[in-house]
Chemist: 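Pasting in a structure now, in structure tokens, and then I'll have a few things to ask.
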Amino acid sequence: MNEQIPVIREVDHGTARLMPDVDTERGWLLTVDGAPQSYIDLDDPRHLEFEYARRLAHVLDLAAEPGEPLDVVHLGGGALTLPRYTAATRPGSRQRVAEADRGLLGLVAEVLPVPAEDGIAVYGADAREWLAAEPDASADVLIADVFGGSRVPAHLTSVDYAREARRVLRPGGVYAANLADGAPFAFLRGQLATFGAVFPELALIAEPGVLRGRRFGNAVLLAADREPDLAGLARRTAADPFPARVEHGAPLTRFIGDAVPVRDEDAVPSPVPPDGAFGIG
């Protein structure tokens with residue numbers, strides 16, 4: 001077999017590294033400024049290495065009957081892990097990806113190209129600006145996995161942004177965002193309050209250790225106009241290698257507490273992760 005070598009390149013928002021997986025012939029890890037962004041196995045796009053990606057994939061899996069094509073919008077692209085997963089699990093899906101880092105997009109297209117038949121259209125654009133131009137009721141699922149380095153950008157945290165997300169979703173559609181926070185959860189609670197001001201249904205997927213404030217980590221926020229398959233999500237996330245809980249209803253309301261929706265003028269990025277929270281090695 002041909003030995004793969006690391007690729008290191010300066011991109012728009014930092015230093016990108018594509019590192020081959022020594023244990024998987026065509027597996028690759030993408031980091032930007034040392035923060036893990038994506039893992040893909042070109043021979044098996046159904047394989048998801050990161051736990052948060054598994055949780056977002058569970059949302060995609062339960063959004064419709066197995067194998068049924070979906071219209072999916074992805075804000076944040078990285079190495080296109082979830083678009084590749086969706087193309088493999090739901091052939092014929094129509095997917096649109098907005099990624100602000102055009103240099104990163106060029107690197108991924110060069111080293112890890114996506115087959116044209118996968119139906120993935122990629123746009124080099126700011127996520128919120130691009131979303132504002134999307135048609136009403138044009139997506140079944142909207143996945144937000146946008147990080148500037150290791151922080152969610154402030155302009156993707158406000159009520160006005162949440163309204164744009166709901167506008168683009170079809171009735172019954174689901175918004176799912178990968179976020180990161182730690183105790184006392186000011187950012188995460190504010191995001192739940194923000195999306196609760198726009199969507200009637202909310203849920204949160206996270207590991208118990210994160211929810212109890214024992215460590216900083218990822219959490220997936222779900223928002224919809226009708227209740228998703230929370231029982232199915234709970235079964236799947238509990239069976240993962242790193243089990244997670246699905247919070248909903250009264251426990252989630254208590255978690256939100258006195259947090260208020262975030263306005264554009266008050267928006268701030270997610271907190272800086274502690275040293276080592278997401279690093280490699």
Side-chain angles (χ1 to χ4, degrees), residues 21 24 26-30 36-99 108 112 114-115 118-120 122 127 139-147 152 165 169 172-180 201-207 210 217-224 227-248 278:
D21 185 343
T24 304
R26 299 185 74 209
W28 291 85
L29 172 69
L30 168 67
Q37 300 289 325
S38 305
Y39 178 93
I40 63 167
D41 181 346
L42 294 175
D43 288 332
D44 183 11
R46 297 169 186 249
H47 173 73
L48 301 173
E49 189 77 10
F50 295 160
E51 289 302 319
Y52 81 82
R54 291 173 186 259
R55 293 163 193 155
L56 291 169
H58 294 326
V59 176
L60 287 162
D61 289 344
L62 294 171
E65 291 299 314
E68 181 179 325
L70 293 173
D71 286 319
V72 185
V73 165
H74 302 264
L75 303 181
L80 307 176
T81 301
L82 286 170
R84 296 174 202 257
Y85 174 88
T86 304
T89 57
R90 296 184 177 277
S93 292
R94 295 159 296 274
Q95 301 190 78
R96 310 184 299 282
V97 183
E99 168 60 60
V108 171
L112 309 171
V114 175
D118 280 1
I120 301 169
V122 182
D140 300 306
V141 181
L142 197 166
I143 302 286
D145 185 14
V146 184
F147 283 78
V152 178
L169 284 168
V174 179
Y175 174 88
N178 178 35
L179 306 174
E201 293 291 337
L202 282 181
L204 185 69
I205 307 172
E207 291 179 36
V210 173
N218 293 97
V220 171
L221 180 154
L222 299 183
E227 185 175 309
D229 182 359
L230 297 179
L233 279 172
R235 286 193 298 272
R236 287 169 179 249
T237 57
D240 279 339
F242 293 91
R245 289 209 318 257
V246 178
E247 295 288 358
H248 178 258
F278 299 128

Chemist: Return the set of residues passing salt bridge (charged side-chain N to carboxylate O under 4.0 Å, His left out) with Arg96 (not counting sequence neighbours), or none when no residue passes.
Modeler: Glu134

Chemist: Could you check Asp44, Asp41, Asp43 and say which one makes a side chain to side chain contact (heavy atoms under 4.5 Å, CB included) with Thr24?
Modeler: Asp41

Chemist: Please identify each residue that fulfils side chain to side chain contact (heavy atoms under 4.5 Å, CB included) with Pro115, with sequence neighbours left out.
Modeler: Glu117, Asp118

Chemist: Which residues pass the side chain to side chain donor-acceptor pair (under 3.5 Å) test with Gln95, not counting sequence neighbours?
Modeler: His74

Chemist: OG1 of Thr237 to CD1 of Ile205: how many Å apart, nearest 0.5 Å?
Modeler: 6.0 Å

Chemist: Strictly by salt bridge (charged side-chain N to carboxylate O under 4.0 Å, His left out), give each pair with a member in residues 69-83 just once, sequence neighbours left out.
Modeler: Asp71-Arg94, Asp71-Arg170

Chemist: Apply ring pair (Phe, Tyr, Trp, His ring centres under 6.0 Å) to Tyr85 and list each qualifying residue two or more places apart in sequence or on a separate chain.
Modeler: none

Chemist: Considering residues at least two apart in sequence or located in another chain, which fulfil the salt bridge (charged side-chain N to carboxylate O under 4.0 Å, His left out) criterion with Arg55?
Modeler: Glu207

Chemist: Side chain to side chain donor-acceptor pair (under 3.5 Å) with Glu247: which residues, sequence neighbours excluded?
Modeler: Arg245

Chemist: Mind checking the OG1-CD spacing from Thr89 to Glu68? Nearest 0.5 Å is all I need.
Modeler: 12.0 Å

Chemist: Would a 4.5 Å heavy-atom cut-off, applied to side chains only, mark Leu80 and Val122 as touching?
Modeler: yes

Chemist: Can you name the residues that form a side chain to side chain donor-acceptor pair (under 3.5 Å) with Glu49, not counting sequence neighbours?
Modeler: His47

Chemist: Partners of Ala206 by side chain to side chain contact (heavy atoms under 4.5 Å, CB included), sequence neighbours excluded?
Modeler: Leu211, Ala219

Chemist: Just to verify, what does Ala238 make a side chain to side chain contact (heavy atoms under 4.5 Å, CB included) with, not counting sequence neighbours?
Modeler: none

Chemist: Mind checking whether Leu233 and Val59 have side chains closer than 4.5 Å, heavy atoms only?
Modeler: yes

Chemist: Could you check whether any side-chain heavy atom of Leu56 comes within less than 4.5 Å of a side-chain heavy atom of Asn178, counting everything from C-beta outward?
Modeler: yes

Chemist: Show every salt bridge (charged side-chain N to carboxylate O under 4.0 Å, His left out) that has at least one partner inside residues 228-237, sequence neighbours left out.
Modeler: Asp61-Arg236

Chemist: Check side chain to side chain contact (heavy atoms under 4.5 Å, CB included) between Ala203 and all other residues, then give those that pass, not counting sequence neighbours.
Modeler: Leu222, Leu230, Val246, His248

